[in-house]
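Read the structure below first, then the notes.
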Amino acid sequence: MQGASTKGVLSQLGLLEVQARSRRAQPQQQPQQQQQQQQSHVKELKVKVEQLILQRDQLRAEIQAHQNLQKLRMSLDKPCEEDEEMDDDSEDSQILRLMARQTQLRDLLHAHHLVGGYDIVKTSQGKGVCVSLATAYEGTYLETYKLEIDLKPTLRISRHNIPPFIPLNSIAEQSHMQTDIKAFLNTLSQHLNAFSSRKQQFKLVKELFHKSVEVLESNVLCSKLVLMVTVPRENTSVLCKLDYMDHTRCLPTRVSFECEDEELPDSPQWKKNCSLLMETPVHKALLTMKEMENIA
Amino acid sequence: MEEKMSGENIEEVIMMEAQITSLQAEVKVLQLQQQDNHKNMTIHFRDKCKDALSYICGKRQKGGKEEVLSKLKEEVEELEEDLQRQSQMNGISLNSCTIKTLQSSDNQLVQELSVSGHCSELVFQVEFQLSEVKEGQRSERTISSLNVVMDANDLQNFSSFLSEVEERKDLLLFFRTLRAYSDRCDDRCRTFQHFQDKYPSVVSLPGGSRSEVMTLNHPELPGCVLVVNWSVEVSREGGVAPKIDLLTKIPETALQMFPSQAVGGAAESFQSLLRILGPEATMESMIRAISLSQDT
């Protein structure tokens, strides 16, 4: 744009010069038409200037409003600090204040969502609520499960997308959903997060060790994992069985080894491996075992 | 005459061309500033807020101030209600959330968030980076560099868990555990308070009702004190469990005179009672035992 307008000046000057010269040479050449041309050009330029001034003023106003909002917002976030120095008599201050509060509320709701809040929403018929249960593993957000709960006459789960192998009904009963819905949601969230975490761990095992570790068996609830690993020097295979009996946890409750060399599971090295697998997520434990050259 | 006219025109044209150039430059700077504003501050103008902004910035044609105000008010009220519902259901109140955009492109967004609030009496602040990567229809959200700040008083029970949570970047786990911990602390507070109200002559709470300690002592036996130490422990994995112990402060001479099982083995008996009766009933029977001696 800038380049074009500079060129515009030069070409305009050039044009005028040519015209002046030709006028001198041929003084009879329709001077009136020329004048009209010039005038219409001036008009065009005037319009452009006006448009630009309007655009600039609009931008200035928006930036000013933004800055005022930012100030207001900061004073909302840190109410203890000195009060905002906004001129209260400004007739827009009420609107600005509401806008600042609106953005703050939106951010707070977003934060509730991020920290794993239940994102509770009234259902369209108004009879019940819809609740979200977020899951994550090591910083990565995974599936979000949803439950629709009718509130009257008694609490009842009407719809949900929780996998059938999660014992929803018995969790509801054991945590006394009827009287303590928060306890129920907390326990359910624990179950779902543990399940998602185990699933993610199993997935990582398959991804990270697809060449060296063979997954022989696992189930949909991810409560059982049987792996085949190889001891590098002896070139013997070891069967690792991991049981996750506590479905609210993502670490196994029992680890056992099977090997042709019956003494191997009792060796100090493999006892260490056993406690490693008990205390660390399986993909990390395998990584450590590999680094120690306990497995190929 | 003609010559003079064109001369004036040329001057005017040059002047306006220059004005346009400078205006264009100014607009460009303002546009950049506005883009920066939008990046650094997550004031996302949506719906009613957008209307209000354009109202403030001079486009006052739409229905006037009253309509803009009432629409904005309505929206803010709805959001306030929503926030209250989330806070109540999640058991977590958020006071402030500041978001700073570090990187923004078509398929990647990196933001730095700082969220502070409280869960019952526990104050917290969490800071983390959130990146969102879009791959086709799917988008993956990941948290990195999680940092949790808590009040020094609460840190004792939380320290090993916090380092684990920060390492695992498990924001959801932190909040689940915080809530469970807070609920257990509230239970303890209620129980302590209940006993103090019921047995004011025997029960005292030297550290207040939110502390871990309740002391039982008969007014006529100032030297003999039973101390109930009720702590809530948080495991590295985020498990929350109460731990209740009884300590006896009985003068040596008294122990020598009455070497009975009832006094010397009080701590062990307390533990077996706990297993059978649960905390409330156990403490009640202890307090009764001490109070009864008053009558005999």
Side-chain angles (χ1 to χ4, degrees), chain A residues 1-2 5-6 8-9 12 16 20 31 35 38 41-42 45-46 48-49 52-53 55-56 58-63 65-66 69-70 73 77 92 94-96 98-99 101-103 105-112 114-118 120 134 136 138-141 182 186 189-190 193 249 251, chain B residues 2 5-6 9-10 12-14 16-17 19-21 23-27 30-31 33-34 37 41-44 49 52-53 56-58 68-69 72-73 75-76 79-80 82-83 85-86 89-91 94 96-99 115 130 140-144 168-172 175-176 179-180 237:
Chain A
M1 284 295 276
Q2 252 170 291
S5 69
T6 338
V9 177
Q12 187 66 27
L16 289 167
Q35 208 175 319
Q38 282 174 358
H41 186 72
V42 168
L45 286 177
K46 265 187 187 153
K48 198 164 186 199
V49 167
L52 278 168
I53 287 175
Q55 194 188 357
R56 182 198 60 189
Q58 179 69 24
L59 277 168
R60 273 189 187 159
E62 272 178 39
I63 288 166
H66 214 279
L69 264 180
Q70 217 160 343
R73 177 60 205 275
D77 284 335
D92 293 332
Q94 201 184 355
I95 293 184
L96 277 173
L98 278 170
M99 283 170 78
R101 180 65 180 152
Q102 194 252 26
T103 62
L105 286 166
R106 280 204 189 281
D107 284 350
L108 289 173
L109 285 167
H110 180 57
H112 263 290
L114 288 176
V115 304
Y118 297 126
I120 188 161
E138 310 235 306
T140 303
Y141 286 90
K182 284 190 208 169
N186 200 41
S189 166
Q190 236 178 339
N193 269 285
R249 290 178 59 208
L251 289 177
Chain B
E2 264 171 39
M5 188 66 186
S6 343
N9 269 356
I10 291 170
E12 202 179 349
V13 165
I14 291 174
M16 279 197 288
E17 295 268 15
Q19 200 183 355
I20 286 172
T21 311
L23 275 170
Q24 277 168 336
E26 204 180 342
V27 163
L30 288 171
Q31 275 170 337
Q33 199 185 338
Q34 195 185 28
N37 274 351
M41 179 81 173
T42 42
I43 290 185
H44 297 299
C49 219
L53 186 72
I56 284 179
C57 298
V68 169
L69 247 180
L72 201 57
K73 255 186 198 156
E75 200 191 8
V76 167
L79 289 170
E80 298 270 12
D82 196 7
L83 182 66
R85 191 162 50 227
Q86 307 305 339
M89 199 63 181
N90 298 340
L94 300 179
S96 99
C97 166
T98 50
I99 307 175
V115 179
L130 177 73
E140 194 180 75
R141 280 191 302 172
T142 322
I143 282 171
S144 53
R168 284 167 53 178
K169 294 159 283 177
D170 205 333
L171 192 62
L172 303 192
F175 280 98
R176 271 204 313 279
R179 193 160 44 204
E237 262 188 85

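Here the structure is a predicted model, which is why all the values come from computation and not from measurement. Numbers restart at 1 for each chain; the letters A, B, ... are given by sequence-line order, proteins then strands. All values below were derived from every heavy atom in this structure, side-chain atoms included, with hydrogens, water molecules and symmetry-related copies excluded.
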[X] and [Y]: which non-hydrogen atoms are nearest, and at how many Å?
X        : Y        : value
A:Ala111 : B:Leu94  : CB-CD1, 3.7 Å
B:Asp82  : A:Ile120 : OD1-O, 4.1 Å
A:Tyr118 : B:Gln86  : C-OE1, 4.4 Å
B:Val13  : A:Val42  : CG2-CG2, 3.9 Å
A:Ile95  : B:Leu72  : O-CD2, 3.6 Å
A:Val49  : B:Leu23  : O-CD1, 3.8 Å

At a heavy-atom separation under 4.5 Å, does [X] approach chain A through its side chain, its backbone, both, or neither?
X        : answer
B:Glu140 : side chain
B:Val76  : both
B:Glu237 : side chain

Working to the nearest 0.5 Å, report the span between [atom1] of [X] and [atom2] of [Y].
X        : Y        : atom1 : atom2 : answer
A:Lys48  : B:Gln19  : NZ    : CD    : 12.0 Å
A:Ile63  : B:Leu30  : CD1   : CG    : 4.5 Å
B:Thr21  : A:Leu52  : OG1   : CG    : 9.5 Å
B:Ile143 : A:Tyr141 : CD1   : OH    : 3.5 Å
B:Cys97  : A:Arg106 : SG    : CZ    : 13.5 Å

Exercise. Please list, chain by chain and in numerical order, all residues satisfying salt bridge (charged side-chain N to carboxylate O under 4.0 Å, His left out) with B:Arg176, sequence neighbours excluded.
Key: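 Checked B:Arg176 against salt bridge (charged side-chain N to carboxylate O under 4.0 Å, His left out); zero matches.
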
Quiz item: Given A:Arg101 and B:Glu80, is the side chain to side chain contact (heavy atoms under 4.5 Å, CB included) satisfied, shown in steps?
Solution: CA-CA 9 Å; A:Arg101 180 65 180 152; B:Glu80 298 270 12; 2.8 Å; yes

Quiz prompt | Chi angles and distances behind the side chain to side chain contact (heavy atoms under 4.5 Å, CB included) call for A:His66, B:Gln33 | solution = CA-CA 11 Å; A:His66 214 279; B:Gln33 199 185 338; over 6 Å; no

Exercise. Evaluate the side chain to side chain contact (heavy atoms under 4.5 Å, CB included) criterion for residues B:Lys73 and A:Gln94: first the C-alpha distance (whole Å), next the side-chain angles of each, then the deciding distance (0.1 Å), finally the verdict.
Key: CA-CA 10 Å; B:Lys73 255 186 198 156; A:Gln94 201 184 355; 3.9 Å; yes

Quiz item: Are B:Phe175 and A:Leu114 side-chain neighbours, meaning at least one heavy-atom pair lies under 4.5 Å?
Solution: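 No, too far: nothing below the 4.5 Å cut-off.
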
Quiz item: With chain B, which of A:Gly117, A:Gly116, A:Gly139 has the greatest number of heavy-atom pairs at distances under 4.5 Å?
Solution: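 The answer is A:Gly139.
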
Quiz item: Can you name the side-chain hydrogen bond (donor to acceptor under 3.5 Å, both in side chains) partners of B:Asn90, sequence neighbours left out?
Solution: A:His112

Quiz prompt | Leading residue by heavy atom contact count with chain A [cutoff under 4.5 Å; candidates B:Met16, B:Lys169, B:Arg179] | solution =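 Top count of heavy-atom pairs under 4.5 Å with chain A: B:Met16.
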
